[in-house]
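One structure is given here, and the rest of the page talks about it.
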Amino acid sequence: MDAIGVLMMCPMNNYLEQELDKRFKLFRYWTQPKQAEFLSQQADSIRAVVGNATAGANADLIDALPKLEIVSCFSVGLDRVDLTRCKEKGVRVTNTPDVLTDDVADLAIGLMLAVLRRICVCDKYVRSGAWKLGDFKLTTKFSGKRIGIIGLGRIGLAIAQRAEGFDCPISYHSRSKKATNYTYYSSVVKLASNSDILVIACALTPETTHIVNREVIDALGPKGVLINIGRGPHVDEAELVSALVEGRLGGAGLDVFEKEPEVPEQLFGLENVVLLPHVGSGTEETRKAMADLVLGNLEAHFSSQPLLTPVV
Ligand SMILES: O=CC(=O)O
């Protein structure tokens, strides 16, 4: 039997790439100089697409691949996959939930601590020799701060559980109230006005795009801190930047940006902002577990076994 054609959309993980190469006929989309031509030439041999948070499968790609059976995402977020088109065409979709929850939640707490305690600025202070000239200024206590979480799914819940260890009261906003003792707000603005730290941990959908807008930022206020470990487009970034520059927001810890890897340069000089290059799940352990899930889903699909983490 001919090897099964798998199209990988962009470089994402060396181990995953090597294993795909061993088990399938792997096409690397990013190495194709003429992608439209390549797609029409290989249209009949590609049966799977492997995408991630940067490049997935949009309607054009799905339509260009008539033999496509499965999109296996090396990410938990599926905002780069046209799920509606996949459903229409009977294309299965999988992602990598659970295995990355700890890392993303750990990083969210790390960002809160880094922003409030100015950890990155302190590090620069020591390295630059400034400490010899005087002590670092006082910062803001983290333990006990009121945490508001947008999205109480797996990751939101893991953040809440960690923050409880710091005696932080937890509230949340989600589409519906959950069976928990945390305080529920049906409005994001109300959540923000009752939080010291607002964390974005929901999926990116048309409904959650710019869920953090000027009104929410103003409700969080000049002492409030925004943490985004979700997706850049959850936040109206132009509003965020002006609020930070004008001192209308107390600080921000951002792992994601609207047009990453482009990051607004106005943020570079701000001490109350911590900027990370979308590394929520970026540990050796977790990326290996994510790769194994992608491979496991593909193997299951092509041997007619139940998918490990089906979405569609
Ligand atoms: O951003 C990363 C993911 O969705 O897994």
Side-chain angles (χ1 to χ4, degrees), residues 8-17 20 30 49-58 61 70-83 86 92-112 149-159 162 174 199-212 226-235 237 252-263 274-298 307-312:
M8 194 177 200
M9 297 304 293
C10 59
M12 42 193 100
N13 178 269
N14 288 341
Y15 162 74
L16 175 61
E17 203 173 316
L20 287 170
W30 69 96
V49 164
V50 173
N52 69 357
T54 305
N58 59 21
L61 186 90
I70 181 166
V71 177
S72 188
C73 267
F74 183 70
S75 65
V76 69
L78 288 162
D79 44 289
R80 299 280 180 180
V81 179
D82 191 323
L83 296 176
C86 286
R92 306 297 312 271
V93 179
T94 63
N95 64 345
T96 58
D98 299 316
V99 292
L100 48 63
T101 300
D102 283 345
D103 274 357
V104 181
D106 292 351
L107 197 77
I109 299 291
L111 278 171
M112 295 179 209
I149 302 175
I150 304 176
L152 203 68
R154 297 177 183 88
I155 293 173
L157 201 55
I159 294 169
R162 282 157 174 74
S174 57
V199 190
I200 303 169
C202 57
L204 181 67
T205 63
E207 295 73 43
T208 63
T209 297
H210 285 193
I211 194 166
V212 172
L226 179 72
I227 301 293
N228 191 0
I229 47 80
R231 288 286 187 265
H234 279 128
V235 180
E237 199 167 85
L254 308 170
D255 186 37
V256 287
F257 301 88
E258 270 202 296
K259 297 193 178 76
E260 55 192 49
E262 298 301 326
V263 175
V274 175
L275 307 168
L276 302 183
H278 200 151
V279 290
S281 65
T283 64
E284 293 285 352
E285 297 89 333
T286 293
R287 290 286 165 87
K288 161 87 172 46
M290 290 165 66
D292 284 333
L293 259 186
V294 169
L295 295 162
N297 276 306
L298 292 175
L307 298 177
L308 307 180
T309 50
V311 178
V312 171

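On a predicted model such as this, the values are computed, not experimentally measured, just so you know. Atoms within each ligand, like the ligands themselves, are counted from 1 in listed order.
- Each of the following atoms of ligand 1 lies closer than 4.0 Å to a heavy atom of Leu100: 5 (O).
- Considering only heavy atoms from C-beta on, Ile159 stays 4.5 Å or farther from Val104 through its side chain.
- Nearest protein heavy-atom contact of atom 5 (O) of ligand 1 is Val76 N, 2.7 Å.
- No N or O atom of Phe74 sits closer than 3.5 Å to an N or O atom of ligand 1.
- For Val256, no heavy-atom contact with ligand 1 is shorter than 4.0 Å.
- When each of Asp98, Thr96, Thr94, Asn297 is paired with Thr309, the side chain to side chain donor-acceptor pair (under 3.5 Å) condition holds for Asn297 and for no other.
- Side-chain contact between Val256 and Ile200: absent, with no pair of heavy atoms (C-beta onward) separated by less than 4.5 Å.
- Ligand-side atoms of ligand 1 in range of Ser75: 3 (C), 4 (O), 5 (O), range being under 4.0 angstrom from any heavy atom.
- With sequence neighbours left out, Asp79 forms a side chain to side chain contact (heavy atoms under 4.5 Å, CB included) with Leu204, Arg231.
- Taking any N or O of Arg231, backbone or side chain, at least one lies under 3.5 Å from an N or O belonging to ligand 1.
- Taking the side chain as every heavy atom from C-beta outward, Val212 and His234 never approach each other to under 4.5 Å.
- Side-chain atoms of Ile150 and Thr208, non-hydrogen and from C-beta on, never get closer than 4.5 Å to each other.
- Ligand 1 has an N or O atom lying under 3.5 Å from an N or O atom of His278, backbone or side chain.
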